[in-house]
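First comes the structure, then the notes that go with it.
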Amino acid sequence: MLSRGNTGTRLTRRKLLRVFYTGFDLAVIGVLLLLAMLFYVRVYGEAVVSRQAGKLVLDQSSVITDSEGNVLRRIPLPESGYRTMAQLEEMPALLIDTFLAVEDRRFYSHQGLDYTGILRAAINNTVNFRVTEGGSSITQQLARNLYLNRDKNMLRKLNEASIATALEKRLSKQDILQLYLNQIYMGRGQYGIKAAAEYYFGVSDLKKLEISQIAALAAIPKGPSIYNPAENNAVSEGRRELVLGIMQQRGLISPQQMVAARKQKYRPQVEVETEVAGASYIDAVLKEASRLTGKSREELQTGGYRIKTGMNTGIQKTLEQAFRNADAFPPDGKNQQVEAAMVILNHHTGEIAAMMGGRNPQAGSLNRAIIDARQPGSAFKPIIDYGPALESGNFTPASIVPDRKQSYGSYSPGNLNGVYRGQVSLNQALQQSINAPAVWLLKQVGISSARQFAGKLGLELPQEDNNLSIALGGLHNGVSPLKMAQAYSVFASGGTFNEAHTISSITNAHGRVLYKHVSSQRQVISARTAESMTFMLRNAVNQGTGKKARMNIPVAGKTGTTQAALPGVDSKANRDLWFVGYTPDWTAAVWMGFDRTDKDNYMTTGSGMAAALFSSVMNKAIAVRN
């Protein structure tokens, strides 16, 4: 029989063995978990960075400027912010050293994870019984900002560490630091050091930043919404003073410089209100840039391009102010506002100086200035009837042509009010916008020759327009104000064609010129035809249908009206009102009408209102230019 002592000893041994084996199992599991975690850290980050390598190329806001190089628009990034990239060489050493001192003083000695910082943060968080420090290195912050969200859990921290390790293997320290300083959010919708310096201090050359400004910038990342200098309160100021103290402790500045910097008060940037929106113009710029470069609209907006345009800011502002005057437009309909569009271009160069694609254009809204959708009416006669007749050499402004009722097969055009004069000169026919002579002229010249002439002015007509109704501006697809201005600009410039364009040059984020406009001016019609047409169009303004376009300088131009032809509606109802004309330096086209003309939305005013808007805008535009 076993004694009680032996039994107790055996039980104790069994317990010890059980504890030992349990401990051994737990140790093995722990080692396996540690190995799995190390494997995960090694593999996960490499996979993420390899799969999403594109994120290492940061989006940055493209900039659109006017003809003088003044910034019209910084295009926001998809996250609704702005970024302007800067190389490390553009940054002062003090700025870089300050960020390292505040955010990651052991940046150059660790491989992505600052274990000393992590341990310190863990101790402080334990002592304070809450998370007061993160211990994240600059590489970890970059990893989180590029690839992760801000959820606070162990898996996210593990992923962050894994990606940070992968970034350190793939990139140099300088590359990581440059990415961080350009990627970091700096409050108020600004991403990166340069965008923040421009926004808060109006400083584009980073090497001109003052010590107090550098400290203010370095204070932001810990809490962008509360520590940015624009908050201009005790909290943001206190954080800046803390940073100045760190700068002095690290020997980056002297005690005297620290004291002087602390005395500097933040002066908010004065926002200059130009009152120039230019939404329609910017829309046209991006479409043109996409065509010229082959890049998508999104690429152009987020690639850091600098697009210089031909916009004359003074004239654009004048145009926008004119469009705010409701009295300049016909009355609105029952459920629609009368819309309008206008384009002004320099016919000597082809540069589009100003554009409005609607009464209240917004980014992404319908740009009526560039869409081929409206019937030009009699404003098309110089392009398709009188221009081709003069160019043929068989007619002059004094030539006599018939003005009588005629039918051309099933097509029987009529004069307004049914009045016929028997015969008139070309000059009188255009001046009074008489229909019968216009159709007769097109028949004499030939539709094919007339369409070729229009093509020389930039108006390529489809096969559906191979008929006589085009003599009075009845087009299959319609035409845009831009194309009408382009066509008339050839008459204005003595018969030479200068392609209408918004863009002067496109430069990429590295300063390389991708596109530069080169004038391709060419003589497309005879100077004699252009001179004769200008003579006739000036008479149309001075004595004919375009009287309301008269100015104190010579104006040549033509009105155009298309009737609504709606059953049961006033016979004077109109669908489109036009005036296209030019001064010695500028050509412009004005269109007015409803987006959808129907029994509740039509105009009873005539094209004289479009002519009056032309005169009003151009008078002020010329004053601005001079």
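On a predicted model such as this, the values are computed, not experimentally measured, just so you know.
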| Given S162 and N159, is the side chain to side chain donor-acceptor pair (under 3.5 Å) satisfied, shown in steps? | CA-CA 5 Å; S162 179; N159 290 341; over 6 Å; no

Inset, instruction - Decide yes or no on side chain to side chain donor-acceptor pair (under 3.5 Å) for S50 and R170, but give the supporting numbers first. - result: CA-CA 10 Å; S50 296; R170 180 179 289 255; 3.0 Å; yes

Check the pair L217 / T98 against side chain to side chain contact (heavy atoms under 4.5 Å, CB included), numbers first and verdict last. CA-CA 10 Å; L217 291 174; T98 299; over 6 Å; no

Applying side chain to side chain contact (heavy atoms under 4.5 Å, CB included) to T65 and T309, what does each step give before you reach the verdict? CA-CA 6 Å; T65 75; T309 75; 5.6 Å; no

Exercise for review: Dump the intermediate steps for side chain to side chain contact (heavy atoms under 4.5 Å, CB included) on R239 and V102, then the final yes or no.
Suggested key: CA-CA 11 Å; R239 177 67 181 168; V102 173; 3.7 Å; yes

Exercise for the section: Please step through side chain to side chain contact (heavy atoms under 4.5 Å, CB included) for the pair Y281 and I352, ending with a clear verdict. Expected result: CA-CA 9 Å; Y281 198 104; I352 297 174; 3.8 Å; yes

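Considering CG of L88 and CG of L181, their distance stands at 6.5 Å, rounded to 0.5 Å. Once rounded to the nearest 0.5 Å, the distance linking CG of L167 with OH of Y147 reads 5.5 Å. To the nearest 0.5 angstrom, D59 atom CG is 12.0 Å from I75 atom CD1. Atom CG of residue L244 and atom CD1 of residue I246 lie 9.5 Å apart, to the nearest 0.5 angstrom. Rounded to the nearest 0.5 Å, atoms NZ (K287) and CZ (R297) are 5.5 Å apart.
Looking at Q316, its side chain does come within 3.5 Å of a backbone N or O of M355 through a donor-acceptor pair. Panel note: side chain R368, backbone G357; a donor-acceptor pair is recorded below 3.5 Å. H110 places a side-chain N or O within 3.5 Å of a backbone atom of G112 that can act as its donor or acceptor partner. In this structure a side-chain-to-backbone donor-acceptor pair under 3.5 Å is present from Q486 to A500. Not a single donor-acceptor pair under 3.5 Å links the side chain of T302 to the backbone N or O of L77. Side-chain atoms of R240 never come within 3.5 Å of backbone atoms of A219 as a donor-acceptor pair (strictly under, hydrogens ignored). Judged by distance alone, the side chain of Y191 and the main-chain N or O of A195 form no donor-acceptor pair under 3.5 Å.
With contacts defined as side-chain heavy-atom distances shorter than 4.5 Å, the pair L366/D595 qualifies.
Listed here is the closest heavy atom pair of R73 and A279: NH2-N, 4.2 Å.
Defined by atom type and a distance below 3.5 Å, a donor-acceptor pair is missing between the side-chain atoms of D283 and S280. T502 and E288 share a donor-acceptor pair across their side chains, judged by distance under 3.5 Å alone. Donor-acceptor pairing under 3.5 Å is recorded for the side chains of E160 and S136. Defined by atom type and a distance below 3.5 Å, a donor-acceptor pair is present between the side-chain atoms of Q52 and K55. With hydrogens and angles left out, the side-chain atoms of S172 and D175 include a donor and acceptor closer than 3.5 Å. There is no side-chain donor-acceptor pair under 3.5 Å between N346 and E351. A donor and an acceptor atom, one from each side chain of T139 and E168, are located under 3.5 Å apart. Side-chain N/O atoms of Q174 and Q178 include no donor and acceptor closer than 3.5 Å.
No more than 12 heavy-atom neighbours from other residues, nucleotides or ligands sit within 6.0 angstrom of CZ on R596. K208 NZ: 12 or fewer foreign heavy atoms inside a 6.0 Å radius. Within a 6.0 Å radius of CZ in R267, no more than 12 heavy atoms belonging to other residues, nucleotides or ligands are found.
D372 has a carboxylate O that lies under 4.0 Å from a charged side-chain N of K483, or vice versa, which qualifies the two as a salt bridge. For D66 and K308, the salt-bridge test fails: no basic side-chain N is under 4.0 Å from an acidic carboxylate O. At a threshold of 4.0 Å, the pair K207-E90 does not count as salt-bridged, since none of the basic side-chain nitrogens sits closer than that to a carboxylate oxygen. Look at K317 and E320 and you find no salt bridge, because none of the NZ, NE, NH1 or NH2 atoms lies under 4.0 Å from a carboxylate O. The pair E339-R359 does not meet the salt-bridge criterion, since no charged nitrogen lies less than 4.0 angstrom from a carboxylate oxygen.
Under the 6.0 Å distance and 45° angle rule, K173 counts as a cation-pi partner of F107. A cation-pi contact links R74 to Y82, judged by a cut-off of 6.0 Å to the six-membered ring centre and 45° from its axis.
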For residues 258-266, run the donor-acceptor check on the side chains, cut-off 3.5 Å, and write out each pair with its distance to 0.1 Å, sequence neighbours left out.
unit_1	atom_1	unit_2	atom_2	d
R262	NH2	E241	O	3.1
K265	NZ	E237	OE2	3.4
Y266	OH	Y200	O	3.0

